[in-house]
Amino acid sequence: MKIPFTHLDKLYIDGSWQAGSGTEDVLNPATEEVIGHAPVGNTVTARAAIAAARQAFDQGTWSALSMAERAGYMRRMHAALVARREQIASLIIAEVGCSQNVTYGMQVDMPLAHVLTAIDQSLHTESRQIPIATAPNPMDPGGPMILGSGSIEREPVGVVAGITGYNFPFLLNLAKVFPALLAGNTLVLKPSPFTPYAALLFGEIAEEIGLPRGVLNIVTGGAEVGTLLSSHPDVDMVSFTGSEVVGASIMSQAAASLKRVHLELGGKSALIVRPDADIQAAVMGAVGGLTVNAGQGCALLTRFLVHNSIREQFVQFAQAIVGQLKVGNPADPGVLMGPLIRESQRAKVEQFIASGLEQGATLVCGGGRPAGLDKGYFVELTLFDNVRNDMTIAQEEIFGPVGVVIGFDTDDEAIAIANDSRYGLNSGIVSADAATAYQMAKRIRAGSVYINGGGGTMPYAPIGGYKRSGIGREFGPDWLKEFAEEKSIVYPIGR
Ligand code: NAD
């Protein structure tokens with residue numbers, strides 16, 4: 001099968017395609033086949049990209065456009081992406097190894113719908129009036145008072161570096177390109193070395209819609225390029241989506257030049273299953289969640305806190321359905337779960353599984369590699385019971401299809417366990433008592449809580465992390481604020 005976008009063999013810098021420092025094989029993780037030879041950037045190409053973005057920003061033509069004019073470009077970009085929906089999905093299936101249902105729904109259609117909402121919202125956030133106020137004149141306290149007003153202007157931060165991970169590459173790149181550019185910034189985008197094409201495709205679109213040169217630049221490469229982008233004095237802001245460890249490095253790399261840092265990091269999110277829950281629905285949600293991109297999702301609920309009165313039933317039902325799930329190459333539309341991204345990721349996941357066994361958790365199912373899949377980085381969907389929250393498998397982000405079941409006896413205990421994590425990205429509660437679930441949701445230290453599976457795709461809901469899951473929010477009504485400065489312009493009125 002011909003994989004789309006693998007013809008892209010150069011980096012997109014300053015509105016033109018420029019050679020990288022070499023090429024790197026990109027693998028299909030389901031087959032281990034090479035799908036293309038992607039251009040690799042280094043610090044030289046990254047410097048050129050920063051210079052192009054800096055010049056484009058300092059010229060001021062992009063930031064001087066009205067929000068409506070920039071929104072016009074971004075609508076054209078959106079339409080061009082929608083026109084390539086099938087190709088983008090085929091790329092993600094091959095580059096990430098993600099199953100088709102998740103690829104179309106969560107990797108492509110949902111983010112495209114969300115950015116359309118963001119474009120619409122952007123038109124209402126440009127400038128706001130400050131309420132009129134009266135105050136004594138400090139220079140003439142006995143004289144007439146001052147009648148004052150003003151406005152709050154949103155202006156771009158400047159040159160933004162967007163650095164992204166591999167697991168939802170189109171979504172993560174989209175979530176840098178759209179808000180950064182809508183807000184008037186210029187951008188250097190650096191994707192994961194595992195998924196370069198999902199970023200380079202934006203260069204093709206930028207060309208097609210006539211985006212002014214230097215406004216969007218795309219460089220590939222690894223940590224060396226990321227380090228340069230997050231420490232270079234000409235970069236004003238880093239927006240990063242990736243692991244907690246790299247997020248912490250980026251903060252320190254950015255410190256010397258005092259950049260704004262926006263971080264979307266990892267999680268170890270809890271699903272609380274109360275004793276009145278519909279057990280089958282809870283299990284379907286829990287196990288179904290583990291299959292999403294083979295557990296490689298930042299916000300997936302992987303710590304199942306199950307009331308002890310129903311825990312046995314929960315585990316038995318989970319065990320019964322796991323065998324029904326089709327694991328394999330996502331080129332097959334019937335496959336529900338594909339592979340992990342690379343051998344290195346599989347080795348990490350297998351180490352975590354071994355640590356669960358060593359620390360005394362009970363293996364309910366999985367734990368090995370699926371039979372009959374000799375090629376590709378597959379692991380079985382794995383569930384542990386009798387897990388204590390201080391075990392490694394309950395504390396660390398495994399980033400594979402591994403769930404842990406932890407028992408509890410009271411709502412207070414469930415909340416305490418949910419909050420006993422250094423992460424705080426997402427969470428869920430399953431209960432027949434919606435009001436109690438809502439009260440509990442307010443006590444969970446996480447950026448989102450899904451009660452009984454949530455309320456649809458919710459394009460107006462911001463996402464982001466508490467604690468070590470990140471700083472800042474993506475999507476939602478204040479998304480563009482992350483990428484903007486606010487300026488107060490105040491003046492006397494009435495004279
Ligand atoms: P990663 O942190 O290993 O890599 C992310 C990016 O950082 C890559 O482009 C990489 O090349 C770059 N990088 C590596 N070292 C760097 C350095 N020192 N300075 C600058 N850049 C550097 O993450 P990953 O394995 O690609 O992605 C998985 C992680 O991302 C998981 O932890 C997951 O939870 C997280 N994630 C979070 C969200 C969210 O919205 N919160 C979304 C998706 C993924």
Side-chain angles (χ1 to χ4, degrees), residues 24 29 38 40-43 46 95-96 98 106-107 110-111 114 161-176 179 188-196 198-199 218-232 235 238-255 259 261-269 292-302 340-342 344-346 348-349 352 396-400 421-426 446-448 461-476 479 482:
E24 194 169 36
V40 185
N42 59 11
T43 53
E95 204 179 31
V96 183
C98 187
M106 294 169 74
Q107 299 252 22
M110 192 261 289
H114 279 24
I163 303 176
T164 56
Y166 72 82
N167 60 329
F168 278 69
F170 176 67
L171 184 160
L172 303 186
N173 295 328
L174 198 77
K176 306 300 176 207
V188 179
L189 178 66
K190 191 206 88 65
S192 163
F194 299 146
T195 52
I218 302 155
V219 290
T220 56
E224 190 193 21
V225 171
T227 302
L228 179 84
L229 291 175
S230 49
S231 56
H232 197 289
V235 173
V238 186
S239 178
F240 171 74
T241 305
S243 63
E244 170 204 12
V245 171
V246 174
S249 301
I250 284 180
M251 248 186 130
S252 64
Q253 288 156 196
K259 293 185 202 323
V261 177
H262 168 221
L263 302 174
E264 299 285 341
L265 308 177
K268 186 73 185 180
S269 301
V292 170
N293 208 14
Q296 299 165 109
C298 56
L300 297 179
L301 307 173
T302 54
L340 298 172
I341 192 77
R342 288 290 182 273
S344 54
Q345 185 61 23
R346 177 160 68 176
K348 262 191 223 163
V349 170
F352 281 123
E396 298 300 321
E397 181 184 49
I398 297 177
F399 229 53
S421 167
R422 66 181 191 278
Y423 295 113
L425 188 56
N426 191 16
S448 43
I463 62 158
Y466 284 37
K467 300 190 267 184
R468 294 183 72 92
S469 287
I471 299 174
R473 292 292 178 271
E474 277 184 335
F475 304 100
W479 194 10
E482 297 284 348

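Indexing begins at 1, ligand by ligand and atom by atom, following the structure's order.
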Protein contact to [atom] [nearest heavy atom, distance to 0.1 Å]:
atom: atom 12 (C) of ligand 1; answer: I163 CG2, 3.8 Å
atom: atom 24 (P) of ligand 1; answer: Y166 CD2, 3.7 Å
atom: atom 2 (O) of ligand 1; answer: S243 OG, 2.6 Å
atom: atom 15 (N) of ligand 1; answer: A223 CB, 3.4 Å
atom: atom 10 (C) of ligand 1; answer: K190 NZ, 3.8 Å

Numbering as shown, the atoms of ligand 1 that approach [X] to under 4.0 Å (heavy-atom distance):
X: L172; answer: 42 (C), 43 (C)
X: P191; answer: 9 (O)
X: G266; answer: 32 (O), 34 (O)
X: N167; answer: 43 (C), 44 (C)

What part of [X], side chain, backbone, both or neither, has a heavy atom within less than 4.0 angstrom of ligand 1?
X: T227; value: both
X: I250; value: side chain
X: L265; value: backbone
X: F399; value: side chain
X: E397; value: side chain

Legend entry - salt_bridge(E397, R422) N-O dist < 4.0 Å: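 No, this pair does not count.
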